[in-house]
Undergrad: 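Starting off with a structure, shown below.
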Amino acid sequence: MLHNALQRLLQSILVLLGCALMIFIMLRIIPGNPIAVLMGEHADTAVIERMTAELGLDQPVLIQFFRYIGGALRGDFGTSYSLGKPVSALIASAFVNTLILALMAALFAWVLGVISGIIAAVKKNSILDHLFMGASLLGVSMPVFMTAMLLQYFLSFRLKWFPIAGTDSLAGFLLPAVALGWNSAGSVARLVRSTLLEILEEDYIDTARAKGRGQLGVLVLHALRNAMLPVITMMAIQLSGLLSGAVITETIFAINGIGRLAVQAISARDIPLLQGTVLFSAAIVIIGNFIADSLYNVLDPRIRRRG
Amino acid sequence: MFQSRAQKFARRYEKPNPDSRDRSEELKREIGEEETFFSLMRRMAHENKLAVFSAIVILLFILGAVFAPFLTRYSYHDMDLLNRLSAPSAEHLFGTDEAGRDIFTRLLYGSRVSLLTGVVPTILSMLGGAVLGVISGYHGGWADALIMRLADIMLAFPSMLLAMVIMYMLGGGLINVFLTLALVNWASVARIVRSEVLALKETEYVEAARVIGVPERTIMFRHLLPNCLPTMIVLFTLNVPSAILTESSLSFLGLGIQEPRSSWGLMVNAGRQFLYNAPWLSLVPSIAIMLIVLAFNFLGDGLRDVLDPYQKR
């Protein structure tokens with residue numbers, strides 16, 4: 001058990017290092033000196049050269065990489081070219097916003113998805129089932145920016161129920177969270193429904209019924225426990241999707257989060273900032289996967305015994 | 001491609017003889033031959049009307065893209081500055097944009113780009129992912145370790161951010177969008193094909209092929225890959241819409257397709273600043289994206305139901 005966990009941890013760290021190397025190489029095979037681009041065409045060549053040397057950009061890529069990793073281990077991800085602040089500080093302040101947004105979106109997706117999934121499974125082939133499943137497919141198929149703009153147009157602009165953009169209060173997070181969670185809610189609902197349908201046909205459910213448990217008891221005490229396993233795996237997969245969607249949502253609602261920071265980094269050609277934000281997001285996904293794997297191990301006795 | 005396994009087997013490994021057709025029929029009965037592609041499609045059409053309807057919708061979109069010049073009397077870059085931001089009317093079905101260009105026309109031309117970015121990168125990533133997945137699953141060893149670790153790395157990045165970085169590296173434009181989407185999506189295909197191959201590897205016919213000395217490469221690409229086809233067809237119909245969504249998101253952020261070329265995502269982006277006085281500018285292309293994605297998802301669901309007999313519904 002512990003051995004297993006250690007092995008997974010080691011693997012996660014290796015993948016993270018791989019991610020760092022890949023992003024590093026990708027951002028360095030762009031032709032041209034980033035400093036020269038940054039300083040414009042009228043910059044003095046001597047100044048450009050000095051800056052390049054100062055930032056260590058004249059070194060071979062591998063040396064730069066190891067320096068970067070060394071710095072990253074001490075919490076130093078370089079300094080943003082465009083904002084002049086340490087990347088780690090920028091990420092830290094942006095992460096708070098992304099975290100609130102993602103947690104609220106996940107909460108919305110989970111509550112809506114699980115409840116509608118359960119209802120759809122229990123009332124299979126009823127009008128409610130068709131309604132929920134239709135809505136969930138619609139949810140999966142709507143681009144994030146469409147949901148976001150529809151909410152913004154109708155609820156903020158027309159009805160004035162919510163602030164149009166910005167995060168002065170928690171209410172400002174509400175619409176972005178719904179927009180972001182909408183897609184996930186659809187896929188959670190579909191997964192909960194199909195898993196639950198499968199489980200409800202198992203023998204042990206019949207046994208529980210035969211022993212006199214009511215519908216609700218069977219559902220909550222027997223079926224849901226097992227139905228949650230694949231749903232937990234999905235949670236980890238969706239983390240990556242949430243972070244992807246956050247890029248769009250944060251841009252539309254002007255939330256200063258990780259995604260918006262990455263977009264700003266690209267338009268400012270700010271390589272250290274872009275590198276930091278993308279790598280940080282990958283780290284979040286990897287950590288999420290690790291936690292989900294571990295949870296799965298703890299929750300599923302079959303795997304526990306095997307490991 | 002979809003000829004029956006028994007026919008293929010009979011042709012390749014039996015001596016040619018006049019009644020080889022009968023032999024294939026006999027074999028077909030013996031191994032419980034699966035249905036042909038067309039009978040499968042017929043079954044799907046019978047069982048799932050929604051999938052058929054979706055296929056028709058997709059076909060209509062394709063026809064619209066191909067015959068765009070014949071379906072509208074405007075050209076997609078003709079400006080009519082007296083008629084800017086006009087609401088939908090009989091004259092302009094979906095209204096006009098900030099330069100007085102007809103939105104219906106731009107939607108038709110934009111569908112060319114959006115459909116292409118759905119299909120081309122998906123084919124590329126399916127091909128690459130399938131080849132790597134088969135090698136990884138069948139060959140095992142260092143190749144497996146290398147390919148799967150690479151896939152792990154690709155999958156650890158949130159896809160949108162990875163796509164953004166690759167677009168930044170390559171620069172905007174249609175071809176680069178193709179490349180980016182293919183690079184972002186191959187890993188999940190490789191993983192799925194690999195797990196399929198791991199299961200198929202243990203089947204008798206692969207073992208038989210190995211025993212009679214069929215070369216490894218032939219086993220991988222002649223025996224294993226075609227048997228992954230049902231999975232890959234389903235995967236294709238599910239990956240096309242996700243590619244369309246990613247493209248539209250990239251273009252929405254201004255990192256994908258560049259003006260003067262038009263794509264639906266770009267139209268949404270351009271219309272965003274007029275959201276409050278001319279919401280149709282963004283809404284119309286958004287709905288188009290949603291419809292095509294929905295159609296592909298329904299079709300994918302229908303295909304999965306007939307192609308995967310083991311999946312419970």
Side-chain angles (χ1 to χ4, degrees), chain A residues 11-12 14-19 21-23 26-27 29-30 137-138 140-147 149-150 152-154 157-158 164 194 197-198 201 239-248 251-252 258-259 262-263 265-267 269 271 274-275 277-279 281-286 289, chain B residues 50 149-171 183-184 188 238 241-242 244-246 248-250 252-255 264-265 268-269 271-272 275-277 279 282-283 285-298 301 311-313:
Chain A
Q11 211 160 23
S12 302
L14 280 179
V15 171
L16 187 56
L17 272 178
C19 284
L21 185 60
M22 175 159 288
I23 206 88
M26 280 198 292
L27 289 177
I29 50 179
I30 306 169
L137 251 180
L138 208 64
V140 176
S141 305
M142 268 163 93
V144 180
F145 50 77
M146 179 182 184
T147 330
M149 289 196 305
L150 280 178
Q152 206 177 31
Y153 181 74
F154 285 107
F157 176 66
R158 277 293 172 85
I164 282 184
S194 66
L197 280 181
E198 224 166 274
E201 308 218 322
L239 189 63
S240 149
L242 280 180
L243 286 174
S244 286
V247 178
I248 305 283
T251 306
I252 291 181
I258 297 287
V263 175
I266 285 188
S267 50
R269 304 186 157 273
I271 289 181
L274 181 60
Q275 194 167 276
T277 46
V278 175
L279 198 57
S281 310
I284 298 286
V285 172
I286 292 170
N289 276 325
Chain B
L50 204 53
R149 288 303 81 75
L150 204 57
D152 283 346
I153 291 172
M154 299 303 274
L155 290 172
F157 292 111
S159 59
M160 192 62 213
L161 285 163
L162 182 62
M164 279 162 59
V165 171
I166 302 178
M167 280 313 292
Y168 177 72
M169 178 178 85
L170 298 172
L183 282 172
V184 169
S188 58
L238 297 177
S242 86
I244 291 178
L245 281 178
T246 313
S248 60
S249 297
L250 279 175
F252 177 79
L253 291 173
L255 297 170
W264 291 341
V268 179
N269 184 24
R272 214 184 113 207
L275 183 64
Y276 301 119
N277 36 17
S282 290
L283 211 56
S286 297
I287 292 173
I289 296 168
M290 188 187 77
L291 280 181
I292 192 87
V293 170
L294 204 58
F296 269 106
N297 280 338
F298 278 134
D301 269 8
Q311 195 206 258
K312 283 190 190 153
R313 272 187 280 164

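Every chain is numbered from 1 and lettered A, B, ... according to where its sequence line falls, protein lines coming before strand lines. Computed from heavy atoms alone, side chains included, the values below leave out hydrogens, waters and symmetry copies. Since the structure is predicted, the reported quantities are computational estimates derived from the model, not experimental observations.
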Undergrad: Decide yes or no for B/Ser188 and B/Leu155: does some side-chain heavy atom of the first lie under 4.5 Å from some side-chain heavy atom of the second?
TA: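 When only atoms from C-beta onward are counted, B/Leu155 and B/Ser188 do touch, with a gap below 4.5 Å.
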Undergrad: Between B/Leu255 and chain A, with a heavy-atom cut-off of 4.5 Å, which part of the residue counts as in contact: side chain, backbone, both or neither?
TA: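 Only the side chain of B/Leu255 comes within 4.5 Å of chain A.
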Undergrad: Out of A/Ile266, A/Thr277, A/Val144, A/Leu243, return the one with the most heavy atom pairs under 4.5 angstrom to chain B.
TA: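 Top count of heavy-atom pairs under 4.5 Å with chain B: A/Ile266.
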Undergrad: Using the ring-ring contact (aromatic ring centres under 6.0 Å, His included) criterion, which residues pair with A/Phe145? Sequence neighbours excluded.
TA: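 Partners of A/Phe145 under the ring-ring contact (aromatic ring centres under 6.0 Å, His included) test: B/Phe252.
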Undergrad: Against chain A, label B/Phe296 side chain, backbone, both or neither, depending on which of its atoms sit under 4.5 Å from a heavy atom there.
TA: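 When you check distances to chain A, no heavy atom of B/Phe296 falls under 4.5 Å.
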Undergrad: For the atom pair CD1 (A/Ile23) and CG (B/Leu162), what is the distance rounded to the nearest 0.5 Å?
TA: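 Here the interatomic distance stands at 6.5 Å.
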Undergrad: For chain B, find which of A/Ile286, A/Leu27, A/Leu137 contributes the most heavy-atom pairs closer than 4.5 angstrom.
TA: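 With the most close heavy-atom pairs to chain B, the winner is A/Leu137.
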Undergrad: Report yes or no: does B/Ser286 contribute a side-chain atom to a donor-acceptor pair with the main-chain N or O of A/Met146 at less than 3.5 Å?
TA: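 Flag not set: sc B/Ser286 to bb A/Met146 has no pair under 3.5 Å.
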Undergrad: Could you tell me which portion of A/Met22 (side chain, backbone, both or neither) has an atom closer than 4.5 angstrom to a non-hydrogen atom of chain B?
TA: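 It is the side chain, since no backbone atom gets that close.
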Undergrad: How many angstroms lie between OG in A/Ser281 and CG in A/Leu239, if you round to the nearest 0.5 Å?
TA: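 One gets 9.5 Å once the value is rounded to the nearest 0.5 Å.
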Undergrad: Based on non-hydrogen pairs under 4.5 Å, which of B/Thr246, B/Leu170, B/Val293 is most in contact with chain A?
TA: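 Winner by heavy-atom pair count: B/Val293.
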Undergrad: Measuring heavy-atom distances to chain A, does B/Leu150 have an atom under 4.5 Å in its side chain, in its backbone, in both, or in neither?
TA: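 For B/Leu150, the contact with chain A is made by the side chain alone.
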Undergrad: With a 4.5 angstrom heavy-atom cut-off, could you sort out which part of B/Met167 is near chain A: side chain, backbone, both or neither?
TA: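 For B/Met167, neither part sits under 4.5 Å from chain A.
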Undergrad: Is chain B contacted by the side chain of A/Gln11, its backbone, both, or neither, given a heavy-atom distance below 4.5 Å?
TA: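 For A/Gln11, the side chain is the part near chain B, not the backbone.
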Undergrad: Who among A/Leu17, A/Leu14, A/Val278 has the most heavy-atom pairs with chain B under 4.5 Å?
TA: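 Highest number of pairs under 4.5 Å: A/Val278.
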Undergrad: With the side chain counted from C-beta on, respond yes when A/Thr147 and B/Met290 share a heavy-atom pair under 4.5 Å apart, and no when they do not.
TA: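 No, every pair of side-chain atoms sits at 4.5 Å or beyond.
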Undergrad: So which of B/Leu253, B/Ile287, B/Ile166 has the biggest tally of heavy-atom pairs under 4.5 Å with chain A?
TA: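 The candidate making the most pairs under 4.5 Å is B/Leu253.
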Undergrad: Does a side-chain heavy-atom distance below 4.5 Å link A/Thr251 with B/Arg272?
TA: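 Result yes, sub-4.5 Å side-chain heavy-atom pair found.
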Undergrad: With a 4.5 angstrom heavy-atom cut-off, could you sort out which part of B/Asp301 is near chain A: side chain, backbone, both or neither?
TA: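 Just the side chain, heavy atoms under 4.5 Å.
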Undergrad: Among A/Val263, A/Val15, A/Ile284, which has the most heavy-atom pairs under 4.5 Å with chain B?
TA: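 Highest number of pairs under 4.5 Å: A/Val15.
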Undergrad: Measuring heavy-atom distances to chain A, does B/Leu291 have an atom under 4.5 Å in its side chain, in its backbone, in both, or in neither?
TA: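 B/Leu291 has no heavy atom closer than 4.5 Å to chain A.
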Undergrad: B/Leu275 versus chain A, heavy atoms under 4.5 Å apart: side chain, backbone, both or neither?
TA: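 Both backbone and side chain.
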Undergrad: Could you check if a side-chain atom of A/Cys19 sits within less than 4.5 angstrom of a side-chain atom of A/Leu279, using non-hydrogen atoms only?
TA: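 A/Cys19 reaches A/Leu279 side chain to side chain.
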Undergrad: Once salt bridge (charged side-chain N to carboxylate O under 4.0 Å, His left out) is applied, do any residues pair with B/Arg149, and if so which ones, sequence neighbours excluded?
TA: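 Salt bridge (charged side-chain N to carboxylate O under 4.0 Å, His left out) list for B/Arg149, sorted by chain: B/Asp152.
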Undergrad: Donor-acceptor pair, distance only, cut-off 3.5 Å: does the side chain of A/Ser141 make one with the backbone of A/Leu138?
TA: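 Flag not set: sc A/Ser141 to bb A/Leu138 has no pair under 3.5 Å.
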Undergrad: Examine whether an atom of B/Leu283 lies under 4.5 Å from a heavy atom of chain A, and if so say whether it belongs to the side chain, the backbone or both; otherwise answer neither.
TA: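 Looking at B/Leu283, just its side chain touches chain A.
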Undergrad: So for A/Leu274, is it side chain, backbone, both, or neither that comes closer than 4.5 Å to the heavy atoms of chain B?
TA: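 Side chain only.
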Undergrad: Closer than 3.5 angstrom, by distance alone: can the side chain of B/Ser282 be matched with the main-chain N or O of B/Val268 as a donor-acceptor pair?
TA: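 Here the side-chain-to-backbone pair exists.
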